[in-house]
Student: 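Have a look at this one.
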Amino acid sequence: MKGKRRIRVLVSGACGRMGREVVRAVAAEKDMAVAGGVDVAGEGRDVGEQAGAGRLGVPVTSDLKEALSAAAPDVVVDFTTAAGFEGRAMEILRRNCRLVAGTTGIPEPALEKIRKTSERRGLGVIVAPNFAVGAVLMMNFARQAARFLPDVEIVELHHDRKADAPSGTALYTAGLVNGALRGAPGAKDPTKTLKLKGCRGGRAGRVTVHSVRLPGFLAHQEVIFGGPGQTLTIRHDTTSREAFMPGVLFAVRAVVKLDRFVYGLENLM
């Protein structure tokens, strides 16, 4: 890119389903460059070739510290697992890199430690439970609707390889709805007899959440509101992981200008 330095991006989890999508998306942008890839699988392979983006001349490594030293990235994009996330994030911040993370299931104490470190060092961090713009809109619409229809349940449906339940998006949506419901009378569950344990889902504050895991799904969620004589359903369907990429690219461009921690993409839109 002439006249302007490209944003150097290291992809953590580069050989995973989301990681490969991120590599392809970043490689296609004129103001970004794939500077490195980290994954326990595919070590030594070209990060672009393994993602279907063509040869980029950047090998995949299994060692984050080694990749950070070799790549000198501006931003690390992490779509991996919650296990070890805190350690990865702290190492990234120690190297004066910024972080964009879509990893879900991160414990609250770890997020708080990362937030404090981010703000102490003046380095931007964006963690989002969902990068699809439509999903962000769904969550915001649900928060608005909860003010008028306080009886609500969430059904989230994901592919059969998703390890955590409920999804991060469902829990975040429930948090937004709970915030909107402060002071409103609590919904009462009419169930007197449970014929099957867990059939009424789990409770996130005042919101009941149901999780479905089946082949054929990718990522879907509906927020169902009930009122006298009416129901309202706000639903978002992700049919391809491409849906997340505009949000990821937006976050990469935004995080290089940030000096603080941001949770949730809607806080930057």
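Quantities reported herein were computed from a predicted structural model and do not represent experimental measurements.
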Student: In Å and rounded to the nearest 0.5 Å, what is the CG to CD distance from Leu137 to Glu266?
Tutor: 10.0 Å

Student: Please answer whether the main-chain N or O of Val262 pairs with a side-chain N or O of Asn267 as donor and acceptor at a distance below 3.5 Å.
Tutor: no

Student: Working note: Thr191 + Asp189, criterion side chain to side chain donor-acceptor pair (under 3.5 Å); need CA distance, chi angles, decisive distance, verdict.
Tutor: CA-CA 6 Å; Thr191 309; Asp189 188 341; 2.8 Å; yes

Student: Considering only NZ, NE, NH1 and NH2 on the basic side and carboxylate oxygens on the acidic side, decide whether Arg213 and Asp160 come within less than 4.0 Å.
Tutor: no

Student: Val255 and Val75: which non-hydrogen atoms are nearest, and at how many Å?
Tutor: CG1-CG2, 3.7 Å

Student: Starting at CG of Asp46, measure out to CZ of Arg55 and round the result to the nearest 0.5 Å.
Tutor: 4.5 Å

Student: Are any of the side-chain heavy atoms of Val133 and Phe250 separated by less than 4.5 Å?
Tutor: no

Student: With rounding to the nearest 0.5 Å, note down the distance linking SG in Cys97 to CG in Leu10.
Tutor: 8.0 Å

Student: For Asp164, is there an ion pair with Lys162 - N to carboxylate O distance below 4.0 angstrom?
Tutor: yes

Student: As a quick check of understanding, evaluate side chain to side chain contact (heavy atoms under 4.5 Å, CB included) for Leu149 and Leu232, giving each step before the final call.
Tutor: CA-CA 9 Å; Leu149 294 168; Leu232 169 66; 4.0 Å; yes

Student: Same cluster or not: Leu171 versus Val127, using hydrophobic residues (I, L, V, M, F, W, Y) connected whenever any side-chain heavy atoms lie under 4.5 Å apart?
Tutor: no

Student: May I ask you to decide if Ala71's main-chain N or O and Arg8's side chain share a donor-acceptor pair within less than 3.5 Å?
Tutor: yes

Student: Any luck finding a side-chain donor-acceptor pair between Thr233 and Glu222 under 3.5 Å?
Tutor: no

Student: Nearest 0.5 Å, please: how far is CD in Glu119 from CD1 in Ile114?
Tutor: 12.0 Å

Student: Looking only at side-chain N and O atoms, does Ser62 offer a donor or acceptor that is under 3.5 Å from a partner on Glu43?
Tutor: yes

Student: Less than 4.0 angstrom from a charged side-chain N to a carboxylate O is my criterion; do Glu49 and Arg45 meet it?
Tutor: no

Student: I'd like to know if Arg88 and Asp78 make a salt bridge, using a cut-off of under 4.0 Å between side-chain N and carboxylate O.
Tutor: yes

Student: For Ala67, does its backbone N or O pair with a side-chain atom of Thr61 as donor and acceptor, under 3.5 Å?
Tutor: no

Student: With no hydrogens and no angle check, just 3.5 Å: does a side-chain donor-acceptor pair link Arg143 and Thr173?
Tutor: no

Student: Got a donor-acceptor contact below 3.5 angstrom from the Thr80 side chain to the Gly13 backbone?
Tutor: no

Student: If you round to the nearest 0.5 Å, how far is CD1 of Ile154 from CE of Met139?
Tutor: 10.0 Å

Student: Can you tell me which residue among Arg6, Arg253, Arg5 is in a salt bridge (Lys or Arg N to Asp or Glu O under 4.0 Å) with Asp31?
Tutor: Arg253

Student: Which heavy atom of Ser167 sits nearest a heavy atom of Glu156, and at what distance?
Tutor: N-OE2, 3.0 Å

Student: Only one of Val77, Val9, Leu265 clears side-chain contact (heavy atoms from CB on, under 4.5 Å) with Val248; which?
Tutor: Val77

Student: Show your reasoning for whether side chain to side chain contact (heavy atoms under 4.5 Å, CB included) applies to Leu258 and Leu268.
Tutor: CA-CA 10 Å; Leu258 283 177; Leu268 292 169; 4.3 Å; yes

Student: Applying side chain to side chain contact (heavy atoms under 4.5 Å, CB included) to Met32 and Val252, what does each step give before you reach the verdict?
Tutor: CA-CA 9 Å; Met32 298 181 192; Val252 168; 3.8 Å; yes

Student: Are the side chain of Arg24 and the backbone of Ala51 linked by a donor-acceptor contact shorter than 3.5 Å?
Tutor: yes

Student: For the residue pair Gly48 and Val23, what are the closest heavy atoms and their distance?
Tutor: CA-CG1, 4.3 Å

Student: Is Arg115 paired with Glu108 through a side-chain N to carboxylate O contact shorter than 4.0 Å?
Tutor: no

Student: Does this structure show an ion pair linking Glu91 with Arg94, if we count only N-O contacts that are shorter than 4.0 Å?
Tutor: yes

Student: Find the distance between CD1 (Ile92) and OG (Ser118) and round it off to the nearest 0.5 Å.
Tutor: 12.0 Å

Student: Picking from Thr208, Val155, Ile234, what satisfies side-chain contact (heavy atoms from CB on, under 4.5 Å) with Ile224?
Tutor: Val155

Student: Which heavy atom of Ala254 sits nearest to which heavy atom of Ile126, and what is that distance?
Tutor: CB-CD1, 4.2 Å

Student: Would you please classify the geometry between the Phe261 ring and the Tyr263 ring as parallel, tilted or perpendicular, with 30° and 60° separating the classes?
Tutor: parallel

Student: Consider only side-chain heavy atoms of I, L, V, M, F, W and Y, link residues closer than 4.5 Å, and tell whether Leu157 and Met18 are in one cluster.
Tutor: no

Student: Do side-chain atoms of Asn130 reach the backbone of Ala135 as a donor and acceptor pair under 3.5 angstrom?
Tutor: no

Student: Return yes when atom CZ of Arg161 has more than 12 non-hydrogen atoms of other residues, nucleotides or ligands closer than 6.0 Å, and no otherwise.
Tutor: yes

Student: Please evaluate residues Val60 and Cys15 with respect to the criterion side chain to side chain contact (heavy atoms under 4.5 Å, CB included), reporting the C-alpha separation (whole Å), side-chain torsions for both, the decisive distance (0.1 Å), and the verdict.
Tutor: CA-CA 8 Å; Val60 176; Cys15 299; 4.1 Å; yes

Student: Which pair of non-hydrogen atoms, one from Phe217 and one from His159, has the smallest distance, and what is that distance?
Tutor: O-CB, 3.1 Å

Student: Is there a donor-acceptor contact under 3.5 Å from the side chain of Gln50 to the main chain of Val47?
Tutor: yes

Student: Charged N to carboxylate O below 4.0 Å: is that the case for Arg206 and Glu153?
Tutor: no

Student: How close do Gly37 and Ala14 get, heavy atom to heavy atom, and via which atoms?
Tutor: CA-CB, 3.9 Å

Student: Report yes if the side chains of Met245 and Glu21 come closer than 4.5 Å at any heavy-atom pair, otherwise no.
Tutor: yes

Student: Has the side chain of Ser240 got a donor or acceptor atom that lies under 3.5 Å from a matching backbone atom of Glu242?
Tutor: yes

Student: Ring centres of Phe225 and Phe141 under 6.0 Å apart?
Tutor: no

